[in-house]
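Bear in mind the structure is a predicted one, so any value in this text is a computation, not a measurement.
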Amino acid sequence: MQILSNYCLITLYSLYFWFIVIFIMFYFCKLCKLQPVKPEVKLKQSYREYPKSITFDPGTNPIGQRKPMSNETLKEIILEKSDDMTPVIFQALESCTGAAVIRLPQGEYHFYPDEAFEKYYFISNNRHGPKRIAFPIIGKKNLTFDGGGSRLVFHGEIVPFVIEDSSHVTLMNFSIDWKRPFYSQGVISAVDDDGVEVEIDRETYPYHFEDGQILFDGEGWSHPFNEGVFEVDIKTGGPAYLSGDNFGYMDRPPLHVSPAGKNRIRFNNRFPHRPTVGNILLLRHYPRLCPGIHIKQSGDVLIERVELNHCGGMGIIAQFSENIHLNQFTVRPTPGTDRLFSVTVDAAHFVNCRGLIRIEDSFFSNQMDDPANVHGINTRIKERRDATSVIAELVHAEQRGVEIAFPGDTMGFAHNDDLLTYATGTILAIEPIDARYSRLVFTEKLPDALRPGDVIDNHSWTADVHISECTSCNNRARGYLISTPGKVLIENNRIASAGAGIKIGGDANYWFESGAVRDVTIRNNVFGDCCYGVAPWGRAVIEIDPEISNPWNNAACFHRNIRIENNIFRTFDPGILYARSVDGIVFSGNTIEPTQTYPEIRRMDAQITLDACRNAEVCNNQTTGRQPSIEINKAFHTRHRLKQQISLAPPSRRESTAPGTIIELQPVPDH
């Protein structure tokens, strides 16, 4: 009986054990079935009181001040290393439903596009299309990514960061680079009248020939030449003197390339400019598909202690965003390599942004375009549809698909020949037709002066700009491009450029970049050699040249209120200032120190040229080596007044007044 009782107990315990096992298996299977299949991610999470990201509000703070937001509980996520960090980052971002900090311990991390988040983007001044994104920061608030001093290495066609529909986002303490960059380079090994030979490290920059065409090979991509070749001076590390794009061919001619031996290729072209043997040739074979950081419809973004060594597009490209702060932002070629290129176009580009764009204590070198560009978009009117609506066209291919405006925005109307705003209207609705055309409906009746071919630009999205304590050098093209009616302050910078150091433009011809300036101060900067590149990049260190056909006949000037004060200009060529169609320009307290770095080009005969300007003041400037000179367009004297230093007067207008005396040149009657 005892044996039977023990047997029953054993059986009962066995049944109980197997019931538990079956229950656990059933629950585990159900759990697995309910959970989406995701790569394993190792996260260390802790929750504690952590101060929110430091940001600034230009609406309540003076320019340059930052204020910490109030403390609140943040989630902190510390990531562990994985062979491919892309899915790790994606899952970490998915878990951030509130304020959060994502951290990386210092190290080198690799990112691949295979498991990346994908979305179609129209990115201004870049190529539109589906983008695979390593850090899709979309719909987030109060998020900080702290790389801990890490190096982020990207592989293939992938966009490192997209910040969209987000606010109070901070990126800090990391660098961005690519294992196989989107450009290649080689050494110019031979030059003759019929072509140029180049030696290329084929392991670093692989390529092959197919059907008589050279193709450069990357991780998941293979491309022919896109923007051609570019010569870099091995002695300076910057653009070669007077070389320009494609050895003087600015219009991207077909390049006839053939093999010339192991690791050598030959360009069988007769180039306008003869390059120098031993210089570096940059091989530009990738379109603008992979910018570094894209900011869209977001606000209060801080990028601090971030270094961009390379990307296949703009370094930073922001559109319809507000309050963006770059602090200790560096763009330069990868340290420890022989690369002489960084990002493939502008270091930072801002389109239809507002609030304050602040760039401070930053360094820009060897990018294949400008260090920074701030502008709006001139959208062309194709036709008047009815009393309150027009069909509008985004003309340039790299603007198509980008937003034009939002309901409630104020738009300015201008004729494309003078670009002067003659009326404004408020957007009621926008009806996209395709990436190029949209129907814009206004709350008011359209102005009677409107005609097809006129342009409109968005007056509700214009930014203040403060650029200070920055260095820019060795890049292709120009320095800072500024086209915004907001308050602009450029101070205490070091600027050298193959073109103009600062350019203030505006056009409705090619890029369709809008933004007549209304309040610009350029002070206490040191300008190095500028305008040693090809002519289209600039004729003067500071060039103000809106593309207007007959500014002398216009009722008003395009730009207003530009002050250039207490700067030092150390450059080899005469051209210091070219100003066109400016009402209220001051050039005062500046020092000009001619150098002998390059032979003079003399794109300007005088150091200062004023063309169709009004209310100009040129005084209290100093120079060494030569007397400052000024040239004034003839039409200027017939209609306007000039206050100037006597030593700067044109020879035909000089008076026997003591040097430095301020005189008034009175209007001369029309004949």
Undergrad: Between Asn378 and Asp507 (side chain of the first, backbone of the second, donor and acceptor by atom type, cut-off under 3.5 Å), is there such a pair?
TA: yes
Undergrad: side-chain contact (heavy atoms from CB on, under 4.5 Å) between Phe161 and Leu171: does it pass, once the steps are laid out?
TA: CA-CA 10 Å; Phe161 288 85; Leu171 308 179; 3.8 Å; yes
Undergrad: Regarding Lys487 and Asp464, does a basic nitrogen lie under 4.0 Å from an acidic carboxylate oxygen?
TA: no
Undergrad: Would Arg614 and Asp583 count as a salt bridge (Lys or Arg N to Asp or Glu O under 4.0 Å) here? Give the steps.
TA: CA-CA 5 Å; Arg614 305 180 184 186; Asp583 188 348; 5.2 Å; no
Undergrad: Is Asp370 salt-bridged to Arg478, cutoff N-O under 4.0 Å?
TA: yes
Undergrad: Applying side-chain contact (heavy atoms from CB on, under 4.5 Å), can you list everything that pairs with Ser472, at least two apart in sequence or on another chain?
TA: Phe364, Pro371, Tyr480, Ile495
Undergrad: Ring of Tyr183, cation from Arg284 - is the NZ or CZ under 6.0 Å from the centre and inside 45° of the axis?
TA: no
Undergrad: Search all heavy atoms of Arg494 against all heavy atoms of Asn492 and return the closest pair with its distance.
TA: NH1-O, 3.5 Å
Undergrad: Would Arg151 count as a cation-pi partner of Trp178, with NZ or CZ less than 6.0 Å from the six-membered ring centre and within 45° of the ring normal?
TA: no
Undergrad: Under the side-chain contact (heavy atoms from CB on, under 4.5 Å) rule, collect the residues that match up with Ala318, sequence neighbours excluded.
TA: Ile295, Ile324, Phe350, Cys353
Undergrad: Would the His310 and Phe341 ring centres measure less than 6.0 Å apart?
TA: yes
Undergrad: Check for me whether the distance between the ring centres of Tyr241 and Tyr598 falls short of 6.0 Å.
TA: yes
Undergrad: Do the charged groups of Glu491 and Arg523 touch, with an N to O distance under 4.0 Å?
TA: yes
Undergrad: Does Glu600 come within less than 4.0 Å of Arg602, counting only side-chain N to carboxylate O?
TA: yes
Undergrad: Taking all non-hydrogen atoms of both residues, which atom of Thr571 and which atom of Ile576 are closest, and how far apart?
TA: CG2-CD1, 3.8 Å
